[in-house]
Undergrad: 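Submitted below is the structure of interest, expressed as C-alpha cells.
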Amino acid sequence: MVSDQILSLLDLPSNDRRVVEMLRSFGLTKYTPALDESDPEAVTDWFPVVEHGIEFGFKDEAYLRAWDPQLRRKSDLIFHSVILYGDHPQMSTYRDRLPYGLSFGDDRQSAREKIDRLGAPRRSYIRDVWELPEHRLIVSYAPDDTRVVDVVADLRDAPWPASDDDLVALPSMGDIVSLFGKSPDDPAFISTFYPFGVLYEADQSATACTVDVREEFGFQLHFDLVTDRGAAGEDRRRLKSVTMYRDRDVEARGWRGELPFGITMNDSPPQMFAKVPAPPVDKSERQISGSALWELPQFSLHVMYSVLYNLVYRVTVGRPVPVH
C-alpha cells in the first residue's frame with residue numbers, strides 16, 4: 001500500500017474495515033490495536049513492522065479529541081500516526097512511494113521545496129515540521145542534511161474546550177516577577193492570585209511547596225520554605241518560581257498570558273532562542289525534547305521544548321540566582 005493511501009486513513013477507528021485491510025497488507029493478521037492493560041495511564045499503542053520499514057500509532061479517541069478524561073480507555077482507538085523509515089538501525093527501508101513527492105534521497109533543501117509549495121507553515125530546527133490541514137508532517141534528515149531518514153504524519157491532539165476560566169485575566173510577567181520572595185500572606189500576592197483559587201490550594205497545607213492550577217489556568221506556583229519561623233502563624237513559604245504550560249501538556253489548560261521576551265508556545269526553538277537577549281547558561285537536547293536555562297538579572301528562565309514538533313511546551317520563570 002502506498003503512503004498516500006495510508007495517510008488518507010488517518011483519523012479512522014482501528015476497527016474500521018479500511019484500517020484492518022491496511023494492517024493486513026503489511027502482514028499484521030494477528031495484531032489488534034489495544035492499550036496496555038498494565039498501564040492505566042497509557043493512551044497510545046505503537047506497532048513497528050520491521051521488514052516493511054513502517055510503524056503504526058493508535059491513540060485513545062477521548063484523549064485525542066480532548067473529551068472528558070473519564071471517557072478514556074472506554075472509546076475507540078484512532079489511527080493517529082504513521083512513521084515511514086529510510087535509514088534506521090532496527091528497521092528496513094520503506095519501499096513504496098513517499099507522500100507529497102518526497103524521496104529518501106532528497107536533501108533538506110529539496111524536501112523543503114516539495115512541501116513548502118503546499119503553502120503550509122513550517123517550523124524548522126533539527127527536523128522540519130509542516131502544519132498541513134489534515135495532519136502534521138515531520139521530516140528528519142541525516143546529520144549532514146544530504147538525505148531524508150524518516151517521514152512522520154501525525155494527527156494533532158485537539159485543544160481543551162473553551163471554559164469560563166478562560167475569561168479570567170492572567171497576571172502580567174511584571175506582576176509575577178515582582179512577587180518572587182513574597183509569602184502567600186502578602187497583600188500583593190493575595191491580590192494577584194486570588195482569582196485563580198491559589199489561596200484555597202495554598203491553605204490546604206502550610207508546607208506544600210507547589211500549588212497546581214494547571215488544569216484550570218495552565219500554571220503552577222513553586223515555593224521555598226524559609227528557615228526563620230518569624231511570627232507565630234506566619235506562612236514560611238516564599239514564591240520561588242512559576243511554570244506555565246502548553247495546552248494538553250501533562251493535562252494542562254494552555255497558559256493564555258504573556259511570556260518573557262515575547263516568547264510564545266508556538267515558537268520553534270530557533271525563534272525562541274532569538275528572542276532571549278543572551279545565550280543560555282545550560283542547554284541539553286535528547287531525541288525528541290530539549291531544555292535551556294538562562295540566569296538573567298531580573299529572573300531565571302527555563303524553557304522546555306520539543307525537537308520533534310519544534311514547539312515550546314513549558315516556561316518557568318524564577319527568582320534570579322544570587323551572584324557571589
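Note that this is a predicted model, so its numbers are computed, not measured.
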Undergrad: Taking the side chain from E201 and the backbone from G197, do they hold a donor-acceptor pair closer than 3.5 Å?
TA: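 Flag not set: sc E201 to bb G197 has no pair under 3.5 Å.
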Undergrad: Below 3.5 Å, can you tabulate the donor-acceptor pairs from side chains in residues 277-284 to any protein atom, sequence neighbours excluded?
TA:
from	atom 1	to	atom 2	distance (Å)
K283	NZ	Y125	OH	3.3
S284	OG	S291	OG	3.3

Undergrad: Restricting to side chain to side chain donor-acceptor pair (under 3.5 Å), what partner residues turn up for Q220, sequence neighbours left out?
TA: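 Side chain to side chain donor-acceptor pair (under 3.5 Å) list for Q220, sorted by chain: D212, Y245.
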Undergrad: To check you understand the geometry: which heavy-atom pair defines the closest contact between A111 and Y141, and what is its length?
TA: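 So the minimum-distance heavy-atom pair works out to CB-OH, 3.6 Å.
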Undergrad: Under a single-linkage definition using a 4.5 Å side-chain heavy-atom cutoff for Ile, Leu, Val, Met, Phe, Trp and Tyr, are V307 and V139 assigned to the same hydrophobic cluster?
TA: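 No; tracing contacts between hydrophobic side chains, which count when under 4.5 Å, never links both residues.
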Undergrad: Do D186 and S183 get their side chains close enough for a donor-acceptor pair, meaning under 3.5 Å?
TA: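 The answer is no; no qualifying pair exists.
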Undergrad: Pair F217, D166 - check side-chain contact (heavy atoms from CB on, under 4.5 Å), show working.
TA: CA-CA 7 Å; F217 300 103; D166 297 340; over 6 Å; no
Undergrad: List the steps and the verdict of side-chain contact (heavy atoms from CB on, under 4.5 Å) for F56 and L28.
TA: CA-CA 11 Å; F56 300 101; L28 301 181; 4.1 Å; yes
Undergrad: So does V226 get a backbone contact from the side chain of R237, meaning a donor-acceptor N/O pair under 3.5 Å?
TA: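 It does not hold such a pair.
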Undergrad: Starting at CG of L84, measure out to CG of L102 and round the result to the nearest 0.5 Å.
TA: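 Going from the CG atom of L84 to the CG atom of L102 covers 9.5 Å.
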Undergrad: With a 6.0 Å cut-off (strictly less than), is the heavy-atom count around NZ of K182, excluding the residue itself, greater than 12?
TA: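 Atom NZ in K182 is not packed in, count stays at 12 or less.
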Undergrad: If every non-hydrogen atom of P161 is compared with every non-hydrogen atom of A66, which pair is closest and at what distance?
TA: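 Closest approach of P161 to A66: CD-O, 3.7 Å.
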Undergrad: OG of S92 to CD of E51: how many Å apart, nearest 0.5 Å?
TA: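 It is 7.0 Å, given to the nearest 0.5 Å.
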Undergrad: A quick test of your reading: do over 12 heavy atoms of other residues, nucleotides or ligands sit less than 6.0 Å from CZ of R156?
TA: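 Atom CZ in R156 is crowded, with more than 12 foreign heavy atoms closer than 6.0 Å.
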Undergrad: Run the numbers on R24 and T29 for side chain to side chain donor-acceptor pair (under 3.5 Å), then give the verdict.
TA: CA-CA 5 Å; R24 287 177 176 171; T29 57; over 6 Å; no
Undergrad: By side chain to side chain donor-acceptor pair (under 3.5 Å), which residues pair with T32, not counting sequence neighbours?
TA: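 Result, side chain to side chain donor-acceptor pair (under 3.5 Å) vs T32: none returned.
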Undergrad: Check for a donor-acceptor pair, side chain of R248 on one end and backbone N or O of A158 on the other, with a separation under 3.5 Å.
TA: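 It does hold such a pair.
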Undergrad: Which heavy atom of P40 sits nearest a heavy atom of S38, and at what distance?
TA: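 Reported closest heavy-atom pair: CD-O, 3.6 Å.
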Undergrad: Tell me whether S191 contacts the main-chain N or O of A188 through its side chain, where contact means a donor paired with an acceptor under 3.5 Å.
TA: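 Not confirmed, S191 side chain does not pair with A188 backbone.
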Undergrad: Per the salt bridge (Lys or Arg N to Asp or Glu O under 4.0 Å) rule, what does the pair list look like for residues 27-39, sequence neighbours excluded?
TA: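 Passing the test, one end in residues 27-39: no pairs.
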Undergrad: Does the pair E113/R117 count as a salt bridge with the N-to-O cut at 4.0 Å?
TA: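 Result for this pair is no, no salt bridge flagged.
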Undergrad: Looking only at the side chains, is there a donor atom on one of D175 and S172 sitting less than 3.5 Å from an acceptor on the other?
TA: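 Yes, S172 and D175 have a side-chain donor paired with an acceptor closer than 3.5 Å.
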Undergrad: Hey, do the aromatic rings of F79 and F58 have their centres closer than 6.0 Å?
TA: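 Between F58 and F79, which both carry aromatic rings, the centre distance is below 6.0 Å.
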Undergrad: Just checking F189 against Y194, ring centres under 6.0 Å apart?
TA: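 No: the rings miss the under 6.0 Å criterion.
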Undergrad: Does any pair with a residue in residues 289-315 pass salt bridge (Lys or Arg N to Asp or Glu O under 4.0 Å), and if so which ones, sequence neighbours excluded?
TA: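 For residues 289-315, and leaving out neighbouring residues, the salt bridge (Lys or Arg N to Asp or Glu O under 4.0 Å) pairs sorted by first residue read D249-R314.
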Undergrad: Got a sec, which residues hit side chain to side chain donor-acceptor pair (under 3.5 Å) with D203, two or more places apart in sequence or on another chain?
TA: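 Not a single residue meets the side chain to side chain donor-acceptor pair (under 3.5 Å) criterion with D203.
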Undergrad: Between L23 and Y31, is a side-chain contact (heavy atoms from CB on, under 4.5 Å) present by the stated rule, with each step listed?
TA: CA-CA 8 Å; L23 295 175; Y31 166 63; 4.2 Å; yes
Undergrad: Set out, in order, the CA-CA distance, both residues' side-chain angles and the distance that settles side-chain contact (heavy atoms from CB on, under 4.5 Å) for V276 and L301, then state yes or no.
TA: CA-CA 9 Å; V276 184; L301 173 65; 4.0 Å; yes
Undergrad: Given 3.5 Å as the limit, does a donor-acceptor pair link the side chain of R238 with the main chain of D235, or not?
TA: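 Yes; judged by distance alone, with no hydrogens or angles, the pair exists.
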Undergrad: Is there a donor-acceptor pair under 3.5 Å between the side chain of R112 and the backbone N or O of Q109?
TA: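 It does not hold such a pair.
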Undergrad: Tell me every residue that passes side chain to side chain donor-acceptor pair (under 3.5 Å) with R108, counting only those two or more places apart in sequence or in another chain.
TA: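 R108: side chain to side chain donor-acceptor pair (under 3.5 Å) contacts with D128, D145.
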Undergrad: Determine yes or no for a side-chain-to-main-chain donor-acceptor pair under 3.5 angstrom, with S75 supplying the side chain and A62 the backbone.
TA: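 Pair found, side chain donor or acceptor close to backbone of A62.
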Undergrad: So how far is it from K240 NZ to C209 SG, rounded to the nearest 0.5 Å?
TA: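 Interatomic distance, K240 NZ to C209 SG, rounded to 0.5 Å: 7.5 Å.
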Undergrad: Only one of V211, L170, L221 passes side-chain contact (heavy atoms from CB on, under 4.5 Å) with F196; say which it is.
TA: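 Answer after filtering V211, L170, L221: L170.
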Undergrad: Roughly how far, to the nearest 0.5 Å, is the CD1 atom of I78 from the OG1 atom of T44?
TA: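 Answer rounded to 0.5 Å: 13.5 Å.
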Undergrad: Please, which pairs that meet salt bridge (Lys or Arg N to Asp or Glu O under 4.0 Å) have at least one residue in residues 56-70, sequence neighbours excluded?
TA: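 Every pair satisfying salt bridge (Lys or Arg N to Asp or Glu O under 4.0 Å) with a residue in residues 56-70: D11-R65, K59-D157, E61-R65.
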Undergrad: Answer with yes or no whether the side chains of D247 and W255 bring together a donor and an acceptor at under 3.5 Å.
TA: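 Their side chains do not contain a donor-acceptor pair, so the 3.5 Å distance test is not met.
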Undergrad: If the condition is side chain to side chain contact (heavy atoms under 4.5 Å, CB included), which residues does E251 pass it with, not counting sequence neighbours?
TA: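 Checked E251 against side chain to side chain contact (heavy atoms under 4.5 Å, CB included); matches are Y63, R72, W160, E215.
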Undergrad: Please answer whether the main-chain N or O of A42 pairs with a side-chain N or O of R73 as donor and acceptor at a distance below 3.5 Å.
TA: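 A pair under 3.5 Å: yes.
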Undergrad: With distance as the sole test, does D106 use its side chain to make a donor-acceptor pair with the main-chain N or O of S103 at under 3.5 Å?
TA: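 Here the side-chain-to-backbone pair exists.
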Undergrad: What residue pairs, at least two apart or across chains, pass side-chain hydrogen bond (donor to acceptor under 3.5 Å, both in side chains) with a residue in residues 268-279?
TA: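 Of all non-adjacent pairs touching residues 268-279, those that pass side-chain hydrogen bond (donor to acceptor under 3.5 Å, both in side chains) are D267-K275, S268-Q271.
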Undergrad: State the CE-CZ distance between M304 and R246, to the nearest 0.5 angstrom.
TA: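 Reported value, rounded in 0.5 Å steps: 13.5 Å.
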Undergrad: Where do A120 and W130 come nearest, in terms of heavy atoms and distance?
TA: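 In this case the closest contact between A120 and W130 is O-CD1, 3.8 Å.
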Undergrad: Linking I/L/V/M/F/W/Y whenever their side-chain heavy atoms sit closer than 4.5 Å, directly or via other members, would Y94 and F47 fall into one cluster?
TA: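 Y94 clusters together with F47.
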Undergrad: Check which hydrophobic residues are tied to I83 through side-chain heavy-atom contacts below 4.5 Å, counting indirect links as well, and list them.
TA: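 Its cluster mates, by chain and number, are W46, V50, Y85, M91, V129, I138, V152, I288, L308, Y309, L311, Y313.
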Undergrad: Between H88 and Q90 (side chain of the first, backbone of the second, donor and acceptor by atom type, cut-off under 3.5 Å), is there such a pair?
TA: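 Yes.
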Undergrad: The test is side chain to side chain donor-acceptor pair (under 3.5 Å); show your working for D107 and T146 and say whether it passes.
TA: CA-CA 4 Å; D107 61 18; T146 58; over 6 Å; no
Undergrad: Give the ring-plane orientation class for F273 versus Y305, where under 30° counts as parallel, over 60° as perpendicular and anything between as tilted.
TA: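 Taking Y305 first and then F273, their aromatic rings stand perpendicular (interplane angle over 60°).
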Undergrad: Going by salt bridge (Lys or Arg N to Asp or Glu O under 4.0 Å), name the pairs with one or both residues in residues 94-105, residues two or more places apart or in two chains.
TA: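 For residues 94-105, and leaving out neighbouring residues, the salt bridge (Lys or Arg N to Asp or Glu O under 4.0 Å) pairs sorted by first residue read D4-R97.
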Undergrad: Rounded to the nearest 0.5 Å, what separation is found between the CG atom of D150 and the OG1 atom of T93?
TA: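 Separation between the atoms: 11.0 Å.
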Undergrad: What do you reckon, is CD of Q287 surrounded by more than 12 foreign heavy atoms closer than 6.0 Å?
TA: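 Open: at most 12 neighbouring heavy atoms sit under 6.0 Å from CD of Q287.
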